[in-house]
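To start, the structure under review is shown below, and the notes come after it.
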Protein chains: 2
Amino acid sequence: MVNRSISKQTLLRLPLYLNYMKQLGENTPEHISATTIAEALRLNHVVVRKDLAAVSSAGKPKVGYNTEALIAELEEFLGYNDVDDAIIVGAGKLGKALLTYGGFKDCGMNIVAAFDIDEEVCEEDYSGKRILTMDKLMDLCERMRVRIGIIAVPAENAQAICNLLIESGILAIWNFAPVHLDVPEGILVHNENLAASLALLSKQLKEKFDANT
Amino acid sequence: MVNRSISKQTLLRLPLYLNYMKQLGENTPEHISATTIAEALRLNHVVVRKDLAAVSSAGKPKVGYNTEALIAELEEFLGYNDVDDAIIVGAGKLGKALLTYGGFKDCGMNIVAAFDIDEEVCEEDYSGKRILTMDKLMDLCERMRVRIGIIAVPAENAQAICNLLIESGILAIWNFAPVHLDVPEGILVHNENLAASLALLSKQLKEKFDANT
DNA sequence: TAGATTGTTAATCGATTAACAATC
DNA sequence: TAGATTGTTAATCGATTAACAATC
C-alpha cells in the first residue's frame, strides 16, 4: 500500500465505498470488483479502480477484491482503527446531538465531553457523556492531550472559543459556526456550514428546473 | 452577471466570502477588494477575483467592490432571497437540532416540520416547529409542494425513508445517514457523513505530524 | 499622471477519462 | 484457452495560477 499523494477527492470517495460495502449485509459477496461498486454508486469505474489501487494491493484480475479484506483495508487507511479524542464547545441542540451521536465510534472518533458557558446544562449526563463548565476546558485538553475541537457555539462567540481552544493545545478544529476563523499557521480548520450546504442544494434544484424550461 | 458554468469549487467558496463580509460588523469598509478578502481567507487573490467576477459586475479598478452591494449580489446569486421549504424525517437529537436551528433562515431555507415514527416525540412544539407522525408526511409534501427532504434517521431506515420521500414528490435529498441511497435518475442527493468528516480531519492531523517526524 | 485594482488571455497543474497491457 | 478484471500509461478536461492589458 502506497500512501503518498492521495488526492482530496479520493479521500472523500473512500468512505462512500466503505459505506456501500458495509451496507450489503447478507448480500455481501466474498469478492467485489471496482466495476460493481462504481455501478452501485454511479461513479466512473476507472475512478473507483484507481482509488482502490491507492489503498489496497490485494485486487486480483478476474476475481476482484476480497470484500472483507477491502473493508478492513479501507478502515485501516482512513484511521478508523486507532481511536482519536475530540471535545465539543457549545452544548446547544447541535452540540448535544453531536455529543451523543453513536456513529463517531465506527470511524474511530471518541467525543470526550462537551463544554458550555450555561451552568444550567452542565453536569448533566448525556448517555454517559458529560457537559462541563468552560473553566474545565483547558485543564482537560492538556491532561488528556485532546487535539481536536468542535465548535458548536453561536457565530459571535466562535472566534473567541477558537482562540481558547488553540491556547489549550487543540490542533484541528471542526467549525459549525458560519464564520471564517482566523488561526495561526499550522492549525487545521474544517468548516461545516450546514445552512449554506442546504441552500446550495436548493439552488442546484432550482437551476435544474430552470434548465428544463 | 453571467450565470453559466460556475464551477463547483466556486459555489463552495462564495458562502465563505459572504460570511467574511457579514462578520466585519462595525469595521465594514464602504469598498472591499478581492485582494483583501483573499488575504483574510488565505486564498489566492486571482481565485477570489474570478469568483467575484462570476457573480458581480460592479467591481471598479482602484476602488474594488461596494461591500454592501457585493453582499446583496452574493445573497441573490446563492438564492438566499427566495425562501425554499424543506422537511426533516427523523426527530432524534440531530433532527431536532436541525429543526430548531435558526441559521437556515439567513440562507433562505425554511424547515417546515419534522416527522418521526415515535408517536411520543410527535405533536411536541419546538420553537414553533412541529414534529408530526409519519402518516402525515406525504399529504403535507404534496399540499405544500415541498421539494427538499432531509434524512436524519438511522442508517437501516434511510433507504426506505428515501423511497417514501420520492413517492411524496421530493426532488432533492440531504442525507445524514451513512449509507449510499439508491435513487431514480433526476433526484438530487447530497450526502453529509458527519462521522466520516471528523475522521478525515483526524487523519489529516495525524498525517501532518507523521510528515514532521 | 501614477498606482491600485479589475478583468482577460495564456500557461500550468491536477484530476478524470480513455486506451491498452498484464494476469488469474 | 478465453474472458473478466486489475493496473498502467497516455489523452483529455477543468481548475488554478501567472502574466498582462484596461481603467478609474
Side-chain angles (χ1 to χ4, degrees), chain A residues 1-17 20-21 28-74 77 200 204 207, chain B residues 1-17 20-21 28-74 77 200 204 207:
Chain A
M1 185 194 88
V2 183
N3 194 337
R4 70 185 155 84
S5 73
I6 302 279
S7 84
K8 182 90 193 282
Q9 335 289 322
T10 297
L11 238 27
L12 291 170
R13 282 190 299 259
L14 294 178
L16 303 179
Y17 308 153
Y20 169 69
M21 287 188 290
T28 309
E30 192 170 343
H31 292 91
I32 198 161
S33 76
T35 318
T36 309
I37 298 175
E39 276 169 10
L41 267 51
R42 304 217 188 137
L43 293 168
N44 183 298
H45 63 103
V46 185
V47 164
V48 179
R49 193 165 310 127
K50 282 208 166 179
D51 288 347
L52 295 184
V55 172
S56 174
S57 52
K60 280 185 198 151
K62 170 129 176 149
V63 184
Y65 293 82
N66 178 286
T67 314
E68 252 183 71
L70 186 55
I71 290 176
E73 281 180 301
L74 278 169
F77 181 84
L200 194 62
Q204 285 168 339
E207 249 164 31
Chain B
M1 187 195 87
V2 183
N3 193 333
R4 70 187 155 83
S5 73
I6 302 280
S7 84
K8 182 90 192 286
Q9 334 290 324
T10 298
L11 239 26
L12 291 171
R13 281 188 300 258
L14 294 178
L16 303 179
Y17 308 153
Y20 169 69
M21 288 189 288
T28 310
E30 192 169 343
H31 292 91
I32 198 162
S33 77
T35 317
T36 309
I37 299 176
E39 276 169 11
L41 267 51
R42 305 215 188 140
L43 293 169
N44 182 298
H45 63 103
V46 185
V47 163
V48 179
R49 194 167 307 128
K50 283 207 165 177
D51 287 347
L52 295 183
V55 171
S56 174
S57 51
K60 279 182 198 154
K62 172 134 174 141
V63 185
Y65 293 83
N66 178 287
T67 314
E68 253 185 69
L70 186 56
I71 290 176
E73 281 181 301
L74 278 169
F77 180 84
L200 194 60
Q204 285 167 340
E207 250 164 33

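Residue numbers start from 1 in every chain, and the chains themselves are labelled A, B, ... in the order their sequence lines are given, proteins ahead of strands.
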| task | Using Watson-Crick or G-U wobble geometry with both distances below 3.5 Å, tell me the partner of C/dT17, or none. | result |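 Per the H-bond distance test, D/dA10.
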
| D/dG3: pairing nucleotide in any strand, Watson-Crick or G-U under 3.5 angstrom | C/dC24

To the nearest 0.5 angstrom, please state how far the [atom1] atom of [X] sits from the [atom2] atom of [Y].
| X | Y | atom1 | atom2 | value |
| --- | --- | --- | --- | --- |
| B/Leu70 | B/His31 | CG | NE2 | 10.5 Å |
| B/Tyr20 | B/Ile71 | OH | CD1 | 11.0 Å |
| B/Phe77 | B/Leu52 | CZ | CG | 11.5 Å |
| A/Asp51 | A/Tyr17 | CG | OH | 3.5 Å |

Consider the side chain of [X], meaning its heavy atoms from C-beta on, and name the nucleotide among [options] that approaches it most closely.
| X | options | value |
| --- | --- | --- |
| A/Val46 | D/dT16, D/dT8, C/dG7 | D/dT8 |
| B/Ala34 | D/dT17, C/dT17, C/dT6 | C/dT6 |
| B/Lys62 | D/dT17, C/dA4, C/dT6 | C/dA4 |
| B/Pro61 | C/dA18, D/dT23, D/dA4 | D/dT23 |

| field | Which residue lies more 5' along DNA chain C, comparing A/Lys60 with A/Ser7 via nearest heavy atoms | value | A/Ser7

| query | What about B/Lys50, does its side chain sit under 3.5 Å from the base of C/dT9 through a donor-acceptor pair? | reply |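 Between C/dT9 and B/Lys50, which were checked side chain against base, a qualifying N/O pair under 3.5 Å is present.
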
Between [atom2] of [N] and [atom1] of [X], the distance in whole Å:
| X | N | atom1 | atom2 | result |
| --- | --- | --- | --- | --- |
| B/Leu11 | D/dT16 | CG | P | 12 Å |
| A/Ile37 | D/dT5 | CD1 | P | 12 Å |
| A/Leu70 | D/dT5 | CG | P | 15 Å |
| A/Gln9 | D/dG14 | CD | P | 14 Å |
| A/Leu52 | D/dG7 | CG | C1' | 12 Å |
| B/Asp51 | C/dT5 | CG | C1' | 17 Å |
| B/Leu43 | D/dT17 | CG | C1' | 13 Å |
| B/His31 | C/dA4 | NE2 | P | 18 Å |

| said: Set out, in order, the CA-CA distance, both residues' side-chain angles and the distance that settles side chain to side chain contact (heavy atoms under 4.5 Å, CB included) for B/Ile37 and B/Met21, then state yes or no. | reply: CA-CA 8 Å; B/Ile37 299 176; B/Met21 288 189 288; 4.2 Å; yes

Within less than 4.0 Å of OP1 or OP2 of [N], is there a side-chain N or O belonging to [X]?
| X | N | result |
| --- | --- | --- |
| B/Asn44 | D/dT16 | no |
| B/Tyr65 | D/dC24 | no |
| B/Arg49 | C/dG7 | no |

| query | More 5' along DNA chain D: A/Thr35 or B/Thr10, using each one's nearest nucleotide? | reply | A/Thr35

